[in-house]
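Start at 1 and go down the list; that is how both ligands and their atoms are numbered.
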Amino acid sequence: MKDVLVLQSTHSTNQDAFKLAKEGATHGFSVIAATQTGGRGRLGKAWQSIPGQGLYCSIIIRPNLEPSDYPKITLVAGLAVAQALEHLTQLSFQLKWPNDVYCRGKKCCGILAESSSLSNSQSDHFAVVGVGININTDMDEFNPELRDTATSLFIESERKYQVEDVFKKVRKSVLSLLNEFERTGFEGLLSQWKKKDLLKGEWLEWVTHSGEIIYGESLGPDDSGQLLVRDALGVTHEVISGDVSLATRQS
Ligand code: BTN
């Protein structure tokens, strides 16, 4: 494959891609590994990388976007992955803000987008879009603590897939939607994202940076890509970082 570094095992493809990008690797260059010993997700979580059963890849992008657009890259990449998987499997996928792809209520894919310092000159800016997809994983291969919440393409469709084939389709879809983002802006992509919003209208619990717990109804992402949550008093909060989870409605 052109513009792809294929590894049997690595610590984290995001770490490798970040290093290669700093050394000048071009837009679209990707790293794919059969397994990772330190695969990571958002908020310091680990990503279980069962050898040969999933896609663990990172795509370097050098987008022609403003620094304020960078947080939206995660959402655009999530939409691109969901579309590629729908095409491949004929199943329907939903998106959980900001970066998870779900099938029938369970997570089958996580995305970790990391960007270079945006204080450098614009021509040096890059982002790494890391994609982990559970492809041929059987339920008993997941770590026990994941079994209630994780799924794979195999579990949902009862079919096995070639990892390389999934990679090619996912990379093409991510690069194509990012190109659309550059050309036409975020609005159209955001409205497509919202049609797949798993949390829309759900009552959520969100722990702020300062440790405060906020409960509220999810209003979906705004046009800057941040999630809006309206609490019981009618105050709307913008979720800047942290994790949101489903909660029991508070009155
Ligand atoms: C998440 O669920 O929070 C995101 C998970 C992202 C995992 C992928 S696997 C390939 C790439 N390399 C990493 O270390 N992480 C991403």
Side-chain angles (χ1 to χ4, degrees), residues 1 4-22 25 28-61 71 73-82 84-85 93-103 105-116 126-137 141-143 145-153 161 163-164 166-171 173-175 198-199 206-207 225 227 239-245:
M1 281 182 285
V4 184
L5 174 63
V6 183
L7 301 170
Q8 274 315 304
S9 176
T10 188
H11 185 70
S12 154
T13 57
N14 261 37
Q15 188 179 310
D16 298 330
F18 214 88
K19 184 166 174 284
L20 290 167
K22 276 191 173 163
F29 191 93
S30 306
V31 181
I32 174 170
T35 186
Q36 303 178 111
T37 51
R40 56 179 195 240
R42 269 179 85 239
L43 308 170
K45 291 181 191 164
W47 182 262
Q48 191 187 356
S49 307
I50 303 167
Q53 300 293 60
L55 173 63
Y56 319 113
C57 74
S58 301
I59 307 165
I60 294 169
I61 54 164
I73 291 173
T74 299
L75 276 75
V76 173
L79 179 63
V81 171
L85 296 183
F93 291 84
Q94 289 72 46
L95 296 162
K96 176 175 178 258
W97 186 91
N99 64 332
D100 296 337
V101 182
Y102 272 61
C103 188
K106 291 185 164 191
K107 177 167 169 172
C108 64
C109 164
I111 291 163
L112 179 64
E114 299 179 293
S115 56
S116 61
F126 65 85
V128 166
V129 175
V131 182
I133 305 178
N134 304 322
I135 299 180
N136 295 322
T137 332
E141 293 176 290
F142 284 122
N143 289 337
E145 68 275 15
L146 294 177
R147 284 182 200 157
D148 288 342
T149 53
T151 192
S152 71
L153 303 187
Y161 301 84
V163 174
E164 188 182 319
V166 180
F167 165 67
K168 284 182 183 162
K169 291 189 163 73
V170 162
R171 181 166 80 146
S173 184
V174 167
L175 293 176
L198 182 79
L199 300 177
W206 164 51
V207 184
L227 184 66
V239 180
I240 297 154
S241 63
D243 213 2
V244 288
S245 50

Exceeds 12 heavy-atom contacts within 6.0 angstrom, atom CD of Gln8: no
Contact check, Gln36 vs ligand 1, heavy-atom distance below 4.0 Å: yes
Test item, Gln15 contacting ligand 1 (heavy atom, 4.0 angstrom): no
Leu85 vs Leu153 side-chain heavy atoms within contact, under 4.5 Å: yes
Contacting atoms of ligand 1, where contact means under 4.0 angstrom from a heavy atom of Gly39: 14 (O)
Atom indices of ligand 1 within 4.0 angstrom of Ser58 heavy atoms, with elements: 11 (C)
Per-atom contacts of ligand 1 with Asp100, taking only distances under 4.0 Å to non-hydrogen atoms: 2 (O)
Numbered atoms of ligand 1 (with element) below 4.0 Å of Cys57, judged on heavy atoms: 10 (C), 11 (C)
Electrostatic pair Arg40:Glu114 at N-O distance under 4.0 angstrom: yes
Where ligand 1 meets Gly110 - atom numbers and elements under 4.0 angstrom, heavy-atom basis: 2 (O), 4 (C), 5 (C), 6 (C)
Interfacing atoms of ligand 1 (cut-off 4.0 Å, heavy-atom, Thr13): 10 (C), 11 (C), 12 (N)
Residue part near ligand 1, for Ile111, under 4.0 Å between non-hydrogen atoms: backbone
Side chain, backbone, both or neither: the part of Ser49 lying under 4.0 Å from ligand 1 by heavy atom: neither
Atoms of ligand 1, numbered as shown, that sit under 4.0 Å from any heavy atom of Gly41: 1 (C), 3 (O), 4 (C), 5 (C)
Within-4.5 Å side-chain heavy-atom neighbours: Thr35 and Ile50: no
Closest protein heavy atom to atom 8 (C) of ligand 1, given as residue, atom name and distance to 0.1 Å: Gly132 N, 3.6 Å
Closest approach of Thr37 to Ser9 (non-hydrogen atoms, all atoms of both residues): CG2-OG, 4.1 Å
Sub-4.5 Å side-chain heavy-atom contact between Tyr56 and Val163: no
Closest candidate by heavy atom, reference atom 2 (O) of ligand 1, pool Lys107, Arg42, Arg40: Lys107
Residue of the set Val31, Leu112, Val131 for which side chain to side chain contact (heavy atoms under 4.5 Å, CB included) holds with Thr13: Val31
Contact check, side chains of Ile73 and Ile61, non-hydrogen atoms, under 4.5 Å: yes
Distance-minimising heavy-atom pair for Ala84 and Ser173: CB-CB, 3.8 Å
Side chain, backbone, both or neither: the part of Asn99 lying under 4.0 Å from ligand 1 by heavy atom: side chain
